[in-house]
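For reference, the structure discussed in these notes is given below.
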Amino acid sequence: MKQPGLWRFHGGLKLDARTARATGDQIGTIPVPPQLVLPLSQHVGQPAEPIVVPGERVLCGQPIARPSGYVGAKVHASSSGTVVEIANHPVPHPSGLAAPCIVIETDGLDERWTGYEPLSDYAALTGPELRARVRAAGVVGLGGAAFPTAVKLGAGSGLKLLILNGAECEPYICCDELLLRERAAEVLAGAQILLQALAIPRCVIAIENDKPLALEALELAIARAADPRLEVVSVPAVYPEGGERQLIKVLTGEEVPARGLPPDIGYLCHNVGTAAAVARAVLQGEPLISRIVTVTGDGVAGPRNVDVRLGTPISALVQACGGYTGEAAHLLMGGAMMGFPLADDSLPVIKGTNCIVVASREEIRPRAPVMPCIRCGECAEVCPAQLLPQQLYWHARSDDLEPLDDYHLFDCIECGCCDLACPSQIPLTQYFRYAKTELWARQHDRVRSDLARERFEARRDRLEAEQAARKQRLEEKARAADEARGDEQARKAMIDAALERVQARRDAGASGPPGKDE
Amino acid sequence: MIAAVAVIAGIALLFGLALGFAAVRFRTEGDPVVDRIDALLPQTQCGQCSFAGCRPYAEAIAAGTADINRCPPGGEATIRALADLLERDPKPLDPESGEIKPRTVAVIDEPLCIGCTLCIQACPVDAILGAGKQMHTVIASECTGCELCVAPCPVDCIAMVEEPVTLKTWKWPRPAEPLAAERR
Ligand code: SF4
Ligand code: SF4
Ligand code: SF4
Ligand code: SF4
């Protein structure tokens, strides 16, 4: 391992990793459940559109929904069986809302669909061809953000470095650690494919220095691969190092500009699990139908990591890990800092599910009463995005949201460091999430009201034009009538004049010589 | 001395001419204050403010003949934005104009529609589609939820329904902060 000079990102916290219990065992497997619930929206972007109908038999790995826009991802059946329903079901999301899902009753045969040909010799393939395969396989970022990978691969050229993110820094989560320990070769194969797809010269795999076994496995695999483009770097464990911007800063010393993206400065970041999924998609023609999930917490009997089919209910996952203990009190999806509570364990595992925490009462302390902000500045001290959380809070709390953009609210990565540092226990991150969604909604409303204004004005113009046209028609008619009346008068005058002339002649004839017609 | 005065006077004259020319040459279309007020109104065009639409209300606010708290669809956010723009104090919504309700869209119970076209004539944004003696329907994405089509319908077949919250439109709730120490 080469240990180049490393930089530090601003702020952050040293946190207790809480991964010891779940990393003792190998990655477990779990039987295919009788029913799979596959949400159409498991990724960032537009929900996918179903391409199967209830009653249809599907095979394991068969596409069942296609992306409805550029930013979207396919959904595949994660085992064989029959589609029984396409309907709204509760999905794992902070809102607890129901959303459209495809429900499959499995047949236990797990019969494979073989529509994607393995491309083990991909050396001759172009970037767009590789990207198309990644898109077809429905791969999304498996670090938790679930952004469609193919879209990310479409961004930028002339990149100088691919960064594979194995800096799993959030307490409880250790699925990437286990992946690197057991499937490092697959991760490296994915890295090579990504390098070729975008013609990037070099790849760094970053891994935190508190994961010696994973580091060892990765170094061994790199030695075997004998590819000089690949390199592993061990980074100090500080939360939230797994953030894209933070990791880039640590590795390169460079800052991704605000409102910019890593490709703007020549870097591309992917999670190590995503790289493994890319390798399977290309080399084996296997779409994304399963993922590794950490199941941990005091509330579960046998914490471990499990390779699980997407759509499997969380209850089955917990069962496979020994079931609940008497201490189970809270169910969380995600880690200790950014995870959100789930209403119940019937919810399915989705592409973005990296961790399920069954926490005891002690593990999640209730929030202490909120005290006023004392302007101590602790929050700004720890903020990895270099924001001024107390300032953001000040505006968000008084619902004065418009200035928040100027304070770079949208650069907040919702890491929760400020919450933890705040001596007044102010739920800062929750305020920022609230403010973000509220501002987005207002933006959306503005678009709609602009449309409404346009249509209102178009209608008003139309009505005015119609009225003007009607008025003009009436006027024309009146004028025509006038003219007609004028004609009448002229004719009458003519006739009168003629009559007068005749009369005059007659008068003259009566007193003069007789007419010539006599 | 005289030369200096003359030069200054000359410059003043020149600038005066330039300004006068600019005022004529670059005269703005319409009234910018009205435009800026109108930009903050929700464009529901419902008339609850007692004006015939958002623009007329904006004109009345600009003219000083209407207060800023008469738009129920805009709610508090609009009142606050207007107060900011006009440098006044925000005030609660005037209860006379109506109450703040969640946004709705009109839905026509199509089999009941007799095709009288009255709703089309009432709709301020042309969001209803239909023709004489034909079934009518609402283009949901264009409906502002103004409710103006409901009353004219002779067979009462138009209902206002709340827009369902989806994963895309869901908002994080505002933290309920038990700030005992700060309550004044
Ligand atoms: S949650 Fe946002 S404001 Fe708070 S520390 Fe993290 S990035 Fe900074
Ligand atoms: S840490 Fe808390 S109390 Fe201190 S400045 Fe930030 S918000 Fe205020
Ligand atoms: S109440 Fe508001 S939305 Fe309705 S017409 Fe008046 S300004 Fe427009
Ligand atoms: S007013 Fe009612 S009946 Fe008449 S066209 Fe509209 S929906 Fe149909």
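Lettering follows sequence order; numbering is per chain, from 1. As a basis for the values below, the full set of heavy atoms in this structure was taken, side chains included, without hydrogen atoms, waters or symmetry mates.
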Taking B:Asp126 first and then A:Arg462, would you say they form a salt bridge - that is, a charged N and a carboxylate O separated by under 4.0 Å?
yes
Say whether, by atom type as modelled, one donor and one acceptor occur between the side chain of B:Thr117 and the main chain of B:Gly132 under 3.5 angstrom.
no
A:Ala396 portion near chain B, given a 4.5 angstrom heavy-atom threshold
backbone
Which bit of A:Asn88 comes within less than 4.5 Å of chain B, counting heavy atoms only: side chain, backbone, both or neither?
neither
Could you label the plane-to-plane angle of the A:His93 and B:Trp170 rings as parallel, tilted or perpendicular, counting under 30° as parallel and over 60° as perpendicular?
perpendicular
Could you check whether A:Trp440 and A:Phe410 have their ring centres less than 6.0 Å apart?
yes
By a 4.5 Å heavy-atom criterion (distance strictly below it), what part of B:Thr44 contacts chain A: side chain, backbone, both, or neither?
neither
Pick one of side chain, backbone, both or neither for B:Thr144, based on which atoms fall under 4.5 Å of a heavy atom in chain A.
side chain
Who among B:Cys143, B:Cys123, B:Ala77 has the most heavy-atom pairs with chain A under 4.5 Å?
B:Cys123
What residue, out of A:Glu402, A:Arg460, A:Arg453, has the most heavy-atom pairs lying under 4.5 Å from chain B?
A:Arg453
Name the option with the most non-hydrogen atom pairs under 4.5 Å to chain A; the candidates are B:Thr166, B:Asp38, B:Thr169.
B:Asp38
Residues two or more places apart in sequence or in another chain: which of them pass salt bridge (Lys or Arg N to Asp or Glu O under 4.0 Å) with A:Glu438?
A:Arg442, B:Lys171
For chain A, find which of B:Leu167, B:Leu40, B:Val165 contributes the most heavy-atom pairs closer than 4.5 angstrom.
B:Leu167
Listed once per pair and sorted, the side-chain hydrogen bond (donor to acceptor under 3.5 Å, both in side chains) pairs that draw on residues 149-163 of chain B, sequence neighbours left out:
A:Arg448-B:Glu163
Under 4.5 Å from any heavy atom of chain A - which part of B:Pro42:
backbone
Taking the six-membered ring for Trp, are A:His43 and A:Phe147 ring centroids under 6.0 Å apart?
no
Greatest number of heavy atom pairs closer than 4.5 Å to chain B - which of A:Leu401, A:Asp450, A:Val91, A:Thr437
A:Thr437
Basic-acidic side-chain contact under 4.0 Å: A:Asp400, B:Arg80:
no
Using non-hydrogen atoms only, which part of B:Ala81 is less than 4.5 Å away from chain A: side chain, backbone, both, or neither?
neither
Under a 4.5 Å heavy-atom cut-off, does chain A meet the side chain of B:Cys54, its backbone, both or neither?
neither
